[in-house]
Amino acid sequence: MLNSENNRFPNSAELFLLCKEILNIKHARGEKVTDQDVGALLDFDPADCTHWKYGRKNIRNIQSLHLIADKLGLDSRSVTDVAQGRVSLLDTLSDFKSYGSFECAETIRSKLLFEAESLLKKAEIKSLPVYIPELLSIIPTIAVRQQEAQEDLIEENILDGVHVITWPKKIKLCASIRFFLMQRVSNLYLQANAERLQISPEVSQAECNLFSLFLLIPTHLVQLASCQRDPAKDLVDEFSRFFWLTRSLVNIRLKDFFQYKS
């Protein structure tokens, strides 16, 4: 745990962790990435590297941030957002790892969109962002909550006939966790209603992903957000804030929306 007295620049410490995680993912030979490997991104000596790791050195120079982004293969905005505390480490890592496929046949897409809009209408979801507990008020067999002493990011248990999906209490709810929770909700819901929806009971990841986006970024709220956004600001950034989802997920949904006009 970081010493709060010495950790003067917690966002820089988060940036260090991001760099180390990305290097571990990208490391071809599977060898352990050291702190010095992270420091080498900016040609730091071991002392500077230690100061950065523990939040005693502030990494905010735009050239340094662009250099880190270039060496890690990340969008420079992602690195800058973490360095400035605008986006969480988990959200950035989740976008980097990707969420899997969202590609479905058009007939399946239409069924998923219709079902999502029916659920949202029944739950009377009229404002953004879409809160998952509010949506689940009409699906009594599924619930989400935080859980003490949980190791995995998302877990699922059955309590008194209810599927309870949980995330660790030590981790603050963020955009990517919202999507991971909705993935589990979508999987359970689509499996339970596969016969009625005339889809395979072996629900694919793409179907869960797309259904999750239709629920979290519904068509009628895309239109509402378009009216409320500041035209001088980046569309994806604005929608990420409105819908409380990562830029990557917003990009996928907007691409789908503009392709099908719904």
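Computed from a predicted model, the values in this text were never measured in an experiment.
For Gln228, the CD atom sits in a packed shell: over 12 heavy atoms of surrounding residues, nucleotides or ligands are nearer than 6.0 Å. Sparse packing is recorded around CD of Glu103, with 12 or fewer heavy atoms of other residues, nucleotides or ligands lying under 6.0 Å away. In Arg60, the CZ atom is not crowded: 12 or fewer heavy atoms of neighbouring residues, nucleotides or ligands sit closer than 6.0 Å.
Atoms CD and CD, from Glu106 and Gln259 in turn, are 8.0 Å apart once rounded to the nearest 0.5 Å. A distance of 10.0 Å separates CG of Leu113 from CZ of Phe257, quoted to the nearest 0.5 Å. Atom CG of Leu135 and atom CD1 of Ile142 lie 9.0 Å apart (nearest 0.5 Å). Taken to the nearest 0.5 Å, the CZ atom of Arg253 stands 7.0 Å off from the CD1 atom of Ile217. Taking CD from Glu156 and CG from Leu181, the interatomic distance works out to 11.0 Å, rounded to the nearest 0.5 Å. Once rounded to the nearest 0.5 Å, the distance linking OG of Ser12 with NE2 of His51 reads 13.0 Å.
Shown here are the side chain to side chain contact (heavy atoms under 4.5 Å, CB included) partners of Ser240, two or more places apart in sequence or in another chain: Val236, Arg247, Val250. Every residue was checked against the side chain to side chain donor-acceptor pair (under 3.5 Å) condition with Ser226, not counting sequence neighbours, and none meets it. Glu155 is linked by a salt bridge (Lys or Arg N to Asp or Glu O under 4.0 Å) to nothing, counting only residues two or more places apart in sequence or in another chain. Residues passing the side chain to side chain contact (heavy atoms under 4.5 Å, CB included) test with Ile171, sequence neighbours excluded: Leu90, Leu153, Pro168, Ile177. Residues satisfying the side chain to side chain donor-acceptor pair (under 3.5 Å) test with Asp95, not counting sequence neighbours, are Tyr99, Thr246. Lys20 meets the side chain to side chain donor-acceptor pair (under 3.5 Å) test with Asp35; sequence neighbours excluded. Taking the side chain to side chain contact (heavy atoms under 4.5 Å, CB included) definition, one finds that Pro201 meets it with Ala194, sequence neighbours left out. Checked against side chain to side chain contact (heavy atoms under 4.5 Å, CB included), Gln147 has the following partners two or more places apart in sequence or in another chain: Gln150, Thr166. By the side chain to side chain donor-acceptor pair (under 3.5 Å) test, Asp75 pairs with no residue at all, sequence neighbours left out.
Linking ILVMFWY residues whenever their side-chain heavy atoms come closer than 4.5 Å, directly or via other members, places Leu213 and Phe258 in the same cluster. Follow the hydrophobic side-chain contacts under 4.5 Å out from Leu89 and you never reach Trp244; the two are in separate clusters. By the criterion of side-chain heavy atoms lying less than 4.5 angstrom apart, applied directly or through intervening Ile, Leu, Val, Met, Phe, Trp or Tyr residues, Leu112 is grouped together with Ile138 in one hydrophobic cluster. Grouping the Ile, Leu, Val, Met, Phe, Trp and Tyr side chains by contacts below 4.5 angstrom, directly or via other members, places Val79 with Val33. Linking Ile, Leu, Val, Met, Phe, Trp and Tyr residues whenever their side-chain heavy atoms come within less than 4.5 Å places Ile25 and Leu18 in a single cluster.
When every heavy atom of Leu190 is checked against every heavy atom of Leu197, the shortest pair comes out as CD2-CD1, 3.8 Å. Considering every non-hydrogen atom in both Leu221 and Leu128, the closest pair reads O-CD2, 3.7 Å. Closest approach of Ala116 to Phe211, counting heavy atoms only: N-CE1, 3.6 Å. Phe179 approaches Ser212 most closely through the heavy-atom pair CE1-CB, 3.6 Å. Across all their heavy atoms, Ile68 and Ile59 have their closest contact at CD1-CG2, 4.3 Å. Between Asn11 and Ala83 the shortest heavy-atom distance is CB-O, 3.1 Å.
For the pair Leu15 and Trp52, the minimum side-chain heavy-atom distance is below 4.5 Å. Counting heavy atoms from C-beta outward, Phe214 and Leu119 have side chains that stay 4.5 Å or more apart. With contacts defined as side-chain heavy-atom distances shorter than 4.5 Å, the pair Ile22/Phe96 qualifies. When side chains are defined from C-beta on, Leu216 does not count as touching Phe243, because their heavy atoms never get closer than 4.5 Å. Between Ile132 and Leu215, the closest side-chain pair of non-hydrogen atoms is not below 4.5 Å. Considering only heavy atoms from C-beta on, Val87 stays 4.5 Å or farther from Ser78 through its side chain. Residues Leu72 and Leu23 are in side-chain contact: their nearest non-hydrogen atoms beyond the backbone lie under 4.5 Å apart. A 4.5 Å side-chain heavy-atom check between Leu188 and Ile165 finds at least one atom pair inside the cut-off.
The hydrophobic cluster of Tyr260 has no other members, since no ILVMFWY side-chain heavy atom comes under 4.5 Å of it. Taking Ile, Leu, Val, Met, Phe, Trp and Tyr as hydrophobic and joining them when side-chain heavy atoms fall under 4.5 Å apart, one finds Val162 in a cluster with Leu159, Val164.
The main-chain N or O of Ser88 is found under 3.5 Å from a side-chain atom of Thr92 such that the two form a donor-acceptor pair. Using modelled atom types, one side-chain atom of Asn61 and one backbone atom of Gln63 make a donor-acceptor pair closer than 3.5 Å. A donor-acceptor contact shorter than 3.5 Å links the side chain of Asp91 to the backbone of Ser176. No donor-acceptor pair under 3.5 Å is formed between the side chain of Arg56 and the backbone N or O of Asp48. Listed for the Asn193 side chain is a donor-acceptor partner under 3.5 Å among the backbone atoms of Tyr189. In this structure, the side chain of Arg229 engages the main chain of Lys233 through a donor-acceptor pair within 3.5 Å.
Remark: Lys255 fails to qualify as a cation-pi partner of Phe102 under the 6.0 Å distance and 45° angle criteria applied to the six-membered ring.
For residues 124-144, the set of pairs meeting the side chain to side chain donor-acceptor pair (under 3.5 Å) definition, not counting sequence neighbours, is empty.
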Worked verdict on Asn209 versus Gln183 for side chain to side chain donor-acceptor pair (under 3.5 Å): CA-CA 6 Å; Asn209 283 348; Gln183 277 181 318; 2.6 Å; yes

Residues Asn187, Arg184; criterion side chain to side chain donor-acceptor pair (under 3.5 Å); working and verdict: CA-CA 5 Å; Asn187 185 60; Arg184 294 293 186 97; over 6 Å; no

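Classification of Arg109 and Glu207 as a salt-bridged pair fails, no side-chain N sitting under 4.0 Å from a carboxylate O.
Using modelled atom types and a 3.5 Å distance limit, the side chains of Ser262 and Thr219 yield no donor-acceptor pair.
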